[in-house]
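Data block below; observations after.
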Amino acid sequence: MITYLIIALLLILTILVYFRIADRFSIIDKPNERSSHSYITIRGGGVIFPVAALLWFTFYGFHQVWAIAGLILVAIISFTDDLNPLPGSVRMPVQFVAVILLMAELEAQHLPWYYAVIAIILAVYWINAFNFMDGINAITPFYSMAALATFLVLNQFYPFFDEGLIVVLIISAVMFSYFNARKRARTFAGDVGSISMAFLLVWMLLTLILETGRYEYILLFSVYGLDSAFTIFFRLLRHENIFKAHRSHLYQLLSNEMKWPHIKVSILYAVAQLVINLLVVYLILNDMMNFPIFLLFILIVSAVYLTLRFAVRSKIRNNDNPTESRL
């Protein structure tokens, strides 16, 4: 507890010092066509997440060197992108290298090569999907806390990850929420925050899957995964450039077009994922999960998501806003 308290104090100091630096060097987020806000806000407050992991690394014996090296890589390139936007041709190779370092930490070289390739591709997809979902106040810390709480509970059944890192990241998410989970946020996570947290979460998920042999745990990320996948699908149907900024995610339709408060939408996403996680954990721990059930689960969650999305679309259309009533 003393160690956690020291780390918490250091994290408070980190974010307060960062605010001073950001003010001094104008590290700010200006609204654009993708934004769900209309005011200038400090960008990059999510730097607290990789700093939290580095503090754990320092206080808990310098373990997991390759994974931490991968985290540092994505944090540096993401923070650079926050300062001066970089093309995907620069960011993506670094993300792949970081994930490969993570796979080396997990000794994934013992897996069949095609499993390793699939894992790397899905991990990079998840990192970018998580980043795309970071578009409204509170969604990143709330969703992260739902995932971290699930991993903390699972760690009690079969220890697969260092509990200290999970707790430290929960502390960092709670602290970030204080500055972000507001009607008018003091700071946004920035790419450095969302991508670093995504990397840390996928590290935990891959460790859990490798430790238990249960691929079904991928459902623990299903809300973000499905929203990102369906949004890309619908944008491709409309022949849109999927790499261009947009406001087509369901959470963006709810907050921008339906005018739901950001905090309400963020809670909805976090609670939805938490409910799914509880069901998945229950089914797996009671040996009730198999491939047919896994597919059925995906179909049900997808059906619920699509029903809500089409209902929102219909509501928007009824409000006489045809431009935004598209899928």
Side-chain angles (χ1 to χ4, degrees), residues 3-4 6-22 25 27 29 42-84 86 90-92 94-102 104-106 123-124 126-131 133-134 139-141 143-145 147-148 151 161-162 164-180 187-207:
T3 302
Y4 290 149
I6 293 173
I7 290 176
L9 292 174
L10 290 173
L11 288 176
I12 293 174
L13 180 62
T14 296
I15 198 163
L16 293 178
V17 169
Y18 178 74
F19 285 165
R20 298 282 299 254
I21 295 172
F25 294 99
I27 307 174
D29 191 293
I42 291 176
R43 175 188 294 178
V47 69
I48 193 174
F49 303 145
V51 169
L54 290 175
L55 288 174
W56 164 83
F57 181 68
T58 302
F59 278 86
Y60 286 83
F62 301 96
H63 299 302
Q64 314 283 353
V65 175
W66 290 112
I68 293 297
L71 173 65
I72 292 172
L73 270 181
V74 294
I76 290 174
I77 197 66
S78 300
F79 188 68
T80 302
D81 188 47
D82 283 331
L83 297 177
N84 186 26
L86 300 172
V90 174
R91 291 180 284 107
M92 293 293 287
V94 175
Q95 292 173 7
F96 272 102
V97 171
V99 172
I100 289 171
L101 289 174
L102 173 59
E105 181 68 61
L106 299 176
V124 173
W126 163 254
I127 289 171
N128 286 278
F130 194 97
N131 184 40
M133 296 296 294
D134 179 36
I139 196 167
T140 290
Y143 192 89
S144 298
M145 284 189 280
L148 290 167
F151 288 134
F161 205 79
D162 191 295
L165 180 52
I166 301 176
V167 173
V168 166
L169 289 175
I170 291 175
I171 293 172
S172 70
V174 171
M175 287 186 175
F176 180 74
S177 295
Y178 176 76
F179 298 100
N180 179 254
T187 185
F188 296 143
D191 284 2
V192 65
S194 58
I195 288 181
S196 295
M197 179 58 79
F199 182 89
L200 289 161
L201 291 177
V202 83
W203 175 10
M204 295 179 199
L205 180 66
L206 289 174
T207 304

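In this structure the side chain of Leu86 reaches within 4.5 angstrom of the side chain of Ile77, judged on heavy atoms. Counting only heavy atoms from C-beta outward, the side chains of Phe59 and Leu10 approach each other to under 4.5 Å. Arg91 places none of its side-chain heavy atoms less than 4.5 Å from the side chain of Val74. In this structure, Ile42 and Ile27 have side chains that are not in contact, with every pair of non-hydrogen atoms separated by 4.5 Å or more. Two residues are said to be in side-chain contact when any heavy atoms from C-beta on lie closer than 4.5 Å; Trp66 and Ile100 fail this criterion. Here the side chains of Leu201 and Phe151 are in contact, with some heavy-atom distance below 4.5 Å. Using a 4.5 Å heavy-atom cutoff, the side chains of Asp191 and Phe79 are not in contact. Looking at heavy atoms from C-beta onward, Phe49 lies out of side-chain contact with Val192 at the 4.5 angstrom threshold.
Looking only at distances, no side-chain donor or acceptor of Gln64 sits under 3.5 Å from a matching main-chain atom of Glu105. Remark: the backbone N or O of Ile127 is not paired with any side-chain donor or acceptor of Asn131 at under 3.5 angstrom. Judged by distance alone, the side chain of Asp134 and the main-chain N or O of Ile139 form no donor-acceptor pair under 3.5 Å. Of the possible donor and acceptor atoms, one in the side chain of Thr187 sits under 3.5 Å from a partner among the backbone N and O of Gly45.
For the side-chain hydrogen bond (donor to acceptor under 3.5 Å, both in side chains) test, residues two or more places apart in sequence or in another chain that qualify with Asp162 are Trp56. Under the rule for a side-chain hydrogen bond (donor to acceptor under 3.5 Å, both in side chains), Ser196 has no partner lying at least two apart in sequence or in another chain. The side-chain contact (heavy atoms from CB on, under 4.5 Å) search around Ile72 returns Leu54, Ile68, Ile76, not counting sequence neighbours.
What you find for Ala189 and Ser194 is that their closest heavy atoms are CB-N, 4.1 Å. Nearest heavy atom pair, residue Ser177 against residue Met145, reads OG-CE, 3.4 Å. Scanning both residues, Met175 and Phe179, for their nearest heavy atoms gives O-CD1, 3.4 Å. What you find for Ala123 and Val99 is that their closest heavy atoms are CB-CG1, 3.8 Å. Shortest non-hydrogen contact noted between Phe130 and Ser144 is CZ-OG, 3.4 Å.
The line from CD1 of Ile48 to CG of Leu11 is 4.5 Å long, rounded to the nearest 0.5 Å. The CD1 atom of Ile7 sits 5.5 Å away from the CG atom of Leu55 when rounded to the nearest 0.5 Å. Taking CE of Met133 as the start and CH2 of Trp126 as the end, the distance is 8.5 Å to the nearest 0.5 Å. Here the CG-CZ distance, from Leu101 to Phe199, works out to 7.5 Å after rounding to the nearest 0.5 Å. In this structure, Leu71 CG and Trp203 CH2 are separated by 7.5 Å, a value rounded to the nearest 0.5 Å.
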Exercise for the section: Decide yes or no on side-chain contact (heavy atoms from CB on, under 4.5 Å) for Leu102 and Leu206, but give the supporting numbers first. Expected result: CA-CA 9 Å; Leu102 173 59; Leu206 289 174; 4.1 Å; yes
Exercise for the section: Step by step, work out the side-chain contact (heavy atoms from CB on, under 4.5 Å) result for Asp81 and Ile195. Expected result: CA-CA 11 Å; Asp81 188 47; Ile195 288 181; over 6 Å; no
Handout entry: side-chain contact (heavy atoms from CB on, under 4.5 Å) assessment of Gln95 paired with Asn128
Key = CA-CA 9 Å; Gln95 292 173 7; Asn128 286 278; 2.8 Å; yes
Handout entry: Thr140 vs Asn180, side-chain contact (heavy atoms from CB on, under 4.5 Å): CA-CA, chis, key distance, verdict
Key = CA-CA 9 Å; Thr140 290; Asn180 179 254; 5.8 Å; no
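Counting non-hydrogen atoms of neighbouring residues, nucleotides and ligands closer than 6.0 angstrom, the OH atom of Tyr178 reaches no more than 12 such neighbours.
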